[in-house]
Structures are given as C-alpha cells and as structure tokens.
K.L.:
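One structure follows; several queries about it will come next.
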Amino acid sequence: MKTIIILITATFVLFGCGGGDSGGSTSPIQSQNTSGQYSTEELDIDFSIINQSSRNMEVIAYARVQASTYPVELDEADKLSIVVDGLRYQLQPDYFENGTLRSYAVNIPSSGSEYTVEWHRNQALVSSLTATELPLSFELTQSFDGDSMDLSWAPQTNHSYYQRGEFLECKNQSLHSTIGGFVPDLSISEQYITTGYYQTSLSGQWNESLSSLMSNYDTCKVEITIASDSDTASFQTNAFMSLSLMAERTAIIPLW
C-alpha cells in the first residue's frame with residue numbers, strides 16, 4: 001500500500017487551523033498552566049476575526065504567557081467575548097480529539113458595523129480592542145485537469161492575499177485517512193500571492209499521480225485555503241491583547 005508522507009514546514013498561525021469541529025471531547029485534559037496562576041500583566045490574549053463566508057465569521061482566541069507560543073487554559077474568572085453592534089457573544093473552549101486545548105472560539109454574523117473583543121477577569125474589564133472595518137470577502141473559482149489545480153479570484157484594492165495551507169486527503173476501506181499537507185513558511189513570506197491566481201499540482205506538491213492515487217484509494221480530495229488582509233483593517237495590539245482581521249476561503253477539490 002502506498003503511503004502519502006505528511007509534509008508540514010510550519011504550523012498555522014492561529015488560525016488555520018481555525019476553530020472547527022471540537023471532535024466531541026467530553027472530558028478535556030486540564031492544562032498544566034491555567035490563567036489564574038498569572039496576573040493580567042503576565043498574559044497576552046491573541047484574537048482573530050475571520051470572515052469565512054458571506055454570512056458567517058469566526059472569532060478565535062488564545063491566551064498565553066507573554067513570550068510563549070503555547071496556549072493557556074482559562075480559569076472561571078477569565079472570560080473572552082466579542083460585542084457586535086451591542087450584542088455580546090461568549091467565546092467557548094474548543095478541544096482537539098485527545099482533549100487538549102485548541103483555542104477559544106465563537107461564530108458571529110458578518111453583518112455588523114462594529115466589533116469589540118474583550119477580556120474580563122472577575123467580571124471587570126481588563127482590556128478591549130475595536131474594529132469597524134474588516135477585509136472584504138472574495139470567492140474562489142477552481143479547476144482540476146488531472147494534475148494541476150488552479151484557483152482564481154477578483155483581488156480587492158489595498159488587500160494582500162496569501163496561501164494558508166493545502167492538504168491532500170485519501171481514504172479507502174482499510175486505511176481510514178492518509179493526509180499529506182503543506183503549510184507555507186510565514187517567516188520568509190513564501191505564502192504571499194501578488195495576483196488573483198494560485199496553482200498547485202499533485203506531481204509538484206506531493207510527488208503523486210492521479211492514476212496512482214486511484215489505484216490505491218477509494219476517494220481523494222485536496223483542500224486549499226486562501227486568505228487576505230487589508231491595509232485599512234490592520235493588526236491591532238495593546239499591552240494585554242492583539243487583534244488580527246482576515247478573510248479566507250477554502251477550495252475543496254475532489255480528485256475523482
């Protein structure tokens with residue numbers, strides 16, 4: 001049986017992985033570090049507002065000790081929320097299938113005019129950041145010719161576009177799922193796309209052919225995520241938290 005090798009050159013920044021399905025974990029594993037062990041001055045809260053469709057957006061947040069990249073579990077005293085045109089939405093913990101913390105997340109409508117993320121401790125406001133403009137949404141057009149996959153979209157003025165990751169997933173009766181993935185190296189900006197067009201291929205990215213995949217698997221698909229940010233809806237930060245704003249779309253391409 002041929003195996004697709006997992007290739008990951010970097011991890012998603014928050015965010016791409018995104019909130020997603022929690023996997024149904026009912027007994028989450030408690031993190032060794034919890035927010036109550038630290039003062040508010042020792043913690044950072046990283047928020048992202050992600051426009052994922054024409055109707056819905058997701059808010060994702062991580063709490064972490066300053067200078068660390070690892071998430072910290074929030075105690076009961078700490079609450080994260082977003083206020084959209086006066087309506088408050090509470091972020092809830094989202095866990096991986098093994099019970100470890102993934103992020104805090106909530107879905108919100110995309111029709112708001114003002115978005116304020118907040119961190120409360122013991123019901124007192126620690127800090128907040130407000131956005132009144134978000135990156136404009138876009139739609140992907142996709143095609144597949146048996147090897148190359150092409151994505152195109154209409155770029156907006158003052159927007160930057162980048163590829164956040166692409167994954168090949170194959171299944172058959174004996175092998176539930178084999179995944180090969182590529183996440184670009186954010187540190188060298190290799191993910192940025194200067195035009196409204198992106199191309200990848202089975203042979204170039206995964207060293208695979210369609211005929212070989214069809215002979216070994218029942219189904220295969222490729223998922224590619226394109227994201228954008230806006231010069232006029234820029235990253236915000238203060239002493240306690242940060243706020244990133246982005247729009248993203250994911251193309252799901254069945255290979256047969």
Side-chain angles (χ1 to χ4, degrees), residues 12-25 45-63 71 74 79-97 101-119 128-142 151-156 158-167 169 183 191 193 196 198 221-236 241-254:
F12 275 130
V13 181
L14 227 290
F15 329 131
C17 297
D21 183 10
S22 67
S25 174
I45 310 295
D46 299 322
F47 282 91
S48 287
I49 301 176
I50 307 172
N51 181 337
Q52 296 179 318
S53 74
S54 59
R55 292 182 296 177
N56 295 308
M57 295 192 295
E58 185 174 29
V59 183
I60 303 174
Y62 299 87
L74 294 181
K79 303 294 184 184
L80 306 180
S81 60
I82 181 167
V83 180
V84 183
D85 294 342
L87 295 177
R88 183 178 303 278
Y89 299 82
Q90 195 81 34
L91 276 70
Q92 301 296 329
D94 182 23
Y95 297 97
F96 287 106
E97 290 184 2
L101 180 68
R102 183 203 308 259
S103 66
Y104 290 82
V106 68
N107 290 319
I108 60 173
S110 60
S111 56
S113 59
E114 183 176 270
Y115 303 86
T116 300
V117 294
E118 297 181 347
W119 171 23
S128 65
L129 290 169
T130 297
T132 57
E133 183 179 350
L134 301 176
L136 296 174
S137 63
F138 61 98
E139 301 302 329
L140 297 175
T141 299
Q142 63 190 54
L151 302 181
S152 60
W153 61 94
Q156 300 285 347
N158 298 322
H159 282 59
S160 299
Y161 295 86
Y162 48 100
Q163 185 258 99
R164 292 193 65 197
E166 52 192 80
F167 298 87
E169 178 180 345
V183 180
Q191 80 279 19
I193 305 167
Y198 180 75
K221 67 179 179 179
V222 169
E223 295 190 13
I224 307 170
T225 298
I226 303 294
S228 73
D229 51 37
S230 169
D231 295 343
T232 57
S234 57
F235 175 82
Q236 301 182 47
M241 61 172 57
S242 65
L243 175 60
S244 298
L245 309 169
M246 70 182 73
E248 72 173 26
R249 296 292 185 270
T250 298
I252 300 176
I253 306 170

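Every heavy atom of this structure was used, including side-chain atoms; hydrogens, water molecules and symmetry mates were not. Position 1 is the first residue of the sequence; numbering continues from there.
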K.L.:
Do Glu166 side-chain atoms and Val222 backbone N/O form a donor-acceptor pair below 3.5 Å?
P.N.:
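Absent.
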
K.L.:
Return the OH to CD distance between Tyr104 and Gln92, rounded to the nearest 0.5 Å.
P.N.:
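The OH atom of Tyr104 sits 9.5 Å away from the CD atom of Gln92.
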
K.L.:
Determine the minimum heavy-atom distance between Glu139 and Trp153, stating which atoms define it.
P.N.:
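Nearest heavy atoms, Glu139 then Trp153: O-CB, 3.3 Å.
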
K.L.:
Quick one, Leu80 with Phe47, criterion side chain to side chain contact (heavy atoms under 4.5 Å, CB included). Give me CA distance, side-chain angles, the key distance, then yes/no.
P.N.:
CA-CA 9 Å; Leu80 306 180; Phe47 282 91; 4.1 Å; yes

K.L.:
Could you measure the distance from the CE atom of Met241 to the OG atom of Ser128? Nearest 0.5 Å is fine.
P.N.:
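OG of Ser128 is found 6.5 Å from CE of Met241.
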
K.L.:
Nearest 0.5 Å please: distance from the CD atom of Gln90 over to the CD atom of Glu118.
P.N.:
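The CD atom of Gln90 sits 10.0 Å away from the CD atom of Glu118.
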
K.L.:
Would you give the length of the straight line joining atom CD of Gln142 to atom CZ of Arg249, rounded to the nearest 0.5 angstrom?
P.N.:
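These two atoms lie 13.5 Å from each other.
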
K.L.:
Minimum heavy-atom separation for Leu245 to Ala233, with atom names?
P.N.:
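In this case the closest contact between Leu245 and Ala233 is CD1-O, 3.7 Å.
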
K.L.:
What distance separates Arg164 CZ from Ile224 CD1, expressed to the nearest 0.5 Å?
P.N.:
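The CD1 atom of Ile224 is 14.5 Å from CZ of Arg164, to the nearest 0.5 Å.
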
K.L.:
Under the side chain to side chain contact (heavy atoms under 4.5 Å, CB included) criterion, do Ile108 and Val59 qualify, and how do the steps go?
P.N.:
CA-CA 7 Å; Ile108 60 173; Val59 183; 3.6 Å; yes

K.L.:
With sequence neighbours excluded, tell me which residues meet side-chain contact (heavy atoms from CB on, under 4.5 Å) with Ile252.
P.N.:
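Testing Ile252 for side-chain contact (heavy atoms from CB on, under 4.5 Å), a comparison that skips the adjacent residues, returns Lys221, Glu223, Thr250.
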
K.L.:
For the residue pair Gln163 and Tyr198, what are the closest heavy atoms and their distance?
P.N.:
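For Gln163 and Tyr198, the tightest heavy-atom pair comes out as NE2-OH, 3.1 Å.
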
K.L.:
Identify, with sequence neighbours excluded, every residue that meets side-chain contact (heavy atoms from CB on, under 4.5 Å) alongside Ala247.
P.N.:
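Once residues adjacent in sequence are excluded, the partners of Ala247 under the side-chain contact (heavy atoms from CB on, under 4.5 Å) criterion are Asn51, Pro135, Phe138, Ser228.
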
K.L.:
Quick one, Ile82 with Ile49, criterion side chain to side chain contact (heavy atoms under 4.5 Å, CB included). Give me CA distance, side-chain angles, the key distance, then yes/no.
P.N.:
CA-CA 10 Å; Ile82 181 167; Ile49 301 176; 3.8 Å; yes

K.L.:
Mind listing the closest non-hydrogen atom pair of Tyr89 and Pro109 along with its distance?
P.N.:
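So the two residues come closest at OH-CD, 3.5 Å.
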
K.L.:
Compare every heavy atom of Ser137 with every heavy atom of Gln156, then report the nearest pair and how far apart it is.
P.N.:
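Smallest heavy-atom distance, with atoms named: NE2-O, 4.2 Å.
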
K.L.:
Calculate, to the nearest 0.5 Å, the distance between atoms OH and OG1 belonging to Tyr115 and Thr130 respectively.
P.N.:
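Atom-to-atom, Tyr115:OH and Thr130:OG1 are 12.5 Å apart.
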
K.L.:
What heavy-atom pair brings Gly112 and Asp85 nearest, and what distance separates the two atoms?
P.N.:
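That would be CA-OD2, 3.2 Å.
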
K.L.:
Is Asp229 close to Tyr162 at the side-chain level, that is, under 4.5 Å between some pair of heavy atoms?
P.N.:
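Sidechains of Asp229 and Tyr162: in contact.
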
K.L.:
For a quick check under 3.5 Å, do Ser230 and Asn158 share a side-chain donor-acceptor pair by atom type?
P.N.:
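Not at all, the side chains of Ser230 and Asn158 share no donor-acceptor pair under 3.5 Å.
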
